[in-house]
Number of protein chains: 2
Amino acid sequence: MPTPTMTAELSSTLRMAVMRLARRLRAERADTSLSLSQMAALGSLVRFGSLTPGELAEVEKVQPPSMTRTVASLEARGLVSRMPHPQDRRQVLLTATPEAEAMVRADRRRRDAWMSQRLSELTPAEREKLRAAAEILERLADA
Amino acid sequence: MPTPTMTAELSSTLRMAVMRLARRLRAERADTSLSLSQMAALGSLVRFGSLTPGELAEVEKVQPPSMTRTVASLEARGLVSRMPHPQDRRQVLLTATPEAEAMVRADRRRRDAWMSQRLSELTPAEREKLRAAAEILERLADA
DNA sequence: TATTGTTATACTCTATAACTATA
DNA sequence: TATAGTTATAGAGTATAACAATA
């Protein structure tokens, strides 16, 4: 039964551990030739399929002109292709190319591999504790 | 007893939950008048006490010229003061002013408050699971 | 008129290279 | 000579404001 003080300490400890672990994971990028923003945009395109520039800007929480620039650099590298929108000729549909999908998958694999390696160094009981917590952390992130 | 597949799934689930939660926490900044880099530099100064610009650059993982600029902006706002190094006249000692310390504490309090609120909405059993995992997550971040 | 996307422009953060002062 | 810090300059990412095309 947690006292207020114990809960306050948990907040602080958990917050710092999560921030530091995230920072560590961010450092495990597979392909440093793409910036984080570029890789994130590509990841969203792969995840959601075709999106318009406006939708992609909204998903990535940036303004449309910023996404215009990001998309232009990805397009120049052959990682994004654009098609006319079937109904609305003002809009454009962006899609990740097969090469881009492969890069996104490789990036995910590499981060998973780092985490897997760390997890394999734990005891089964410790892994079980993380498993129990993972689902709760997911809910916290959505809150 | 985890099979390889179960461990792989845990890696992926845990990694994504941590990244998303970190992202959420980053959005809970108290004072948006300071950029993340500025607040981080200030946080390190408060944490370590007086540092030279070179040491601060190393802690923050940026190059010295970048830190020169960050420090200059903080100094202009009265958040950092500089003193000559007692032994080596090439070096400078940077210290966070009392106002800066208050800002750093307020920032931490706000992030802790958000986390506390989320934790208070959980059941005692769920909090206990997070408590058990927090210490393991800390070790992962250091690995 | 409203909406979608782009262009023009500026600011911030980062970097590398060159410079100054001191050791 | 080597080191600590700064200045000069450039590139990436972001923003707001203005514009063009289409609805």
Side-chain angles (χ1 to χ4, degrees), chain A residues 23 26-27 29 31-45 48-77 79-96 100 103 107, chain B residues 23 26-27 29 31-45 48-77 79-96 100 103 107:
Chain A
R23 192 169 187 169
R26 218 173 305 126
R29 289 199 284 146
D31 190 335
T32 51
S33 69
L34 283 191
S35 73
L36 285 170
S37 334
Q38 291 170 333
M39 189 56 90
L42 231 39
S44 290
L45 275 186
F48 293 106
S50 294
L51 293 176
T52 68
E55 289 168 339
L56 187 52
E58 194 181 341
V59 166
E60 291 297 316
K61 301 271 191 281
V62 299
Q63 293 302 307
S66 305
M67 190 49 73
T68 291
R69 182 180 282 220
T70 300
V71 167
S73 65
L74 292 172
E75 204 182 355
R77 295 190 49 169
L79 298 172
V80 162
S81 62
R82 61 175 67 216
M83 297 181 311
H85 192 285
Q87 279 90 41
D88 187 338
R89 282 197 296 166
R90 290 174 306 181
Q91 298 189 50
V92 182
L93 282 180
L94 305 172
T95 317
M103 287 176 71
D107 189 64
Chain B
R23 193 170 187 167
R26 217 173 306 129
R29 288 200 284 147
D31 190 337
T32 51
S33 70
L34 283 191
S35 73
L36 283 171
S37 334
Q38 291 171 331
M39 189 55 88
L42 232 39
S44 290
L45 274 186
F48 292 107
S50 294
L51 293 176
T52 67
E55 289 167 339
L56 187 52
E58 193 181 343
V59 166
E60 291 297 317
K61 302 268 190 283
V62 299
Q63 294 302 308
S66 304
M67 191 48 74
T68 292
R69 179 178 284 222
T70 300
V71 167
S73 66
L74 292 172
E75 204 182 355
R77 296 191 46 170
L79 298 172
V80 162
S81 62
R82 60 175 69 215
M83 298 181 311
H85 192 285
Q87 278 90 40
D88 186 338
R89 284 197 295 167
R90 291 173 305 180
Q91 296 189 52
V92 182
L93 282 181
L94 305 173
T95 316
M103 286 177 71
D107 190 63

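Here the structure is a predicted model, which is why all the values come from computation and not from measurement. Chain A is the first sequence line, chain B the second, and so forth, proteins listed ahead of strands; every chain is numbered from 1.
Using a 4.5 Å heavy-atom cutoff, the side chains of A/L93 and A/L51 are not in contact. Side-chain contact between A/L74 and A/L34: present, with at least one pair of heavy atoms (C-beta onward) separated by less than 4.5 Å.
B/S35 comes within 4.0 angstrom of sugar-phosphate atoms only, judged by non-hydrogen atoms across all strands, and of no base. Residue A/S66 is in base contact, counting any heavy-atom pair closer than 4.0 Å across all strands shown.
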Exercise answer: donor-acceptor pairs, residues 81-89 of chain B side-chain atoms, under 3.5 Å, sequence neighbours excluded:
| unit_1 | atom_1 | unit_2 | atom_2 | d |
| --- | --- | --- | --- | --- |
| B/R82 | NE | B/E75 | OE1 | 3.2 |
| B/R82 | NE | B/E75 | OE2 | 3.1 |
| B/R82 | NH2 | B/E75 | OE1 | 3.2 |
| B/H85 | ND1 | B/Q87 | N | 3.1 |
| B/H85 | ND1 | B/D88 | N | 3.2 |
| B/D88 | OD1 | B/R90 | N | 2.8 |
| B/D88 | OD1 | B/R90 | NE | 3.2 |
| B/D88 | OD2 | B/R90 | NE | 3.4 |
| B/D88 | OD2 | B/R90 | NH2 | 2.9 |
| B/D88 | OD2 | B/Q91 | NE2 | 3.2 |

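First and last contacting nucleotides of DNA chain C toward chain B (any atom under 4.0 angstrom from a heavy atom, 5' to 3' order): C/dC13 to C/dA23.
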What protein N or O atoms touch nucleotides 5-8 of chain D N or O atoms at under 3.5 angstrom, if any, and at what distances?
| unit_1 | atom_1 | unit_2 | atom_2 | d |
| --- | --- | --- | --- | --- |
| D/dG5 | OP1 | B/V92 | N | 3.4 |
| D/dG5 | OP2 | B/G54 | N | 2.9 |
| D/dT6 | OP1 | B/R82 | NH1 | 2.8 |
| D/dT6 | OP1 | B/R82 | NH2 | 3.4 |
| D/dT6 | OP2 | B/T68 | OG1 | 3.0 |

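For the segment residues 56-63 of chain A, the set of residues with a heavy atom within less than 4.0 Å of an atom of DNA chain C is empty.
Judged as a side chain to side chain donor-acceptor pair (under 3.5 Å), the pairs with a partner in residues 57-70 of chain A (not counting sequence neighbours) are, in order, A/S44-A/E60.
Taking all atoms of both residues into account, the shortest heavy-atom contact from B/R77 to B/S33 is NH1-O, 3.2 Å. Here the closest heavy-atom approach between residue A/L94 and residue A/L56 is recorded as CD1-CD2, 4.1 Å. Considering all non-hydrogen atoms of both residues, B/S50 and B/T95 come closest at OG-OG1, 3.0 Å. For the pair B/Q38 and B/S73, the tightest heavy-atom approach, listed with the atom from each and the gap, is NE2-OG, 2.9 Å.
More than 12 heavy atoms of other residues, nucleotides or ligands lie within 6.0 Å of CZ in B/R26, so this atom counts as buried by the packing criterion.
Protein atom CZ of A/R89 is 9 Å distant from nucleotide atom C1' of D/dA21, rounded to whole Å.
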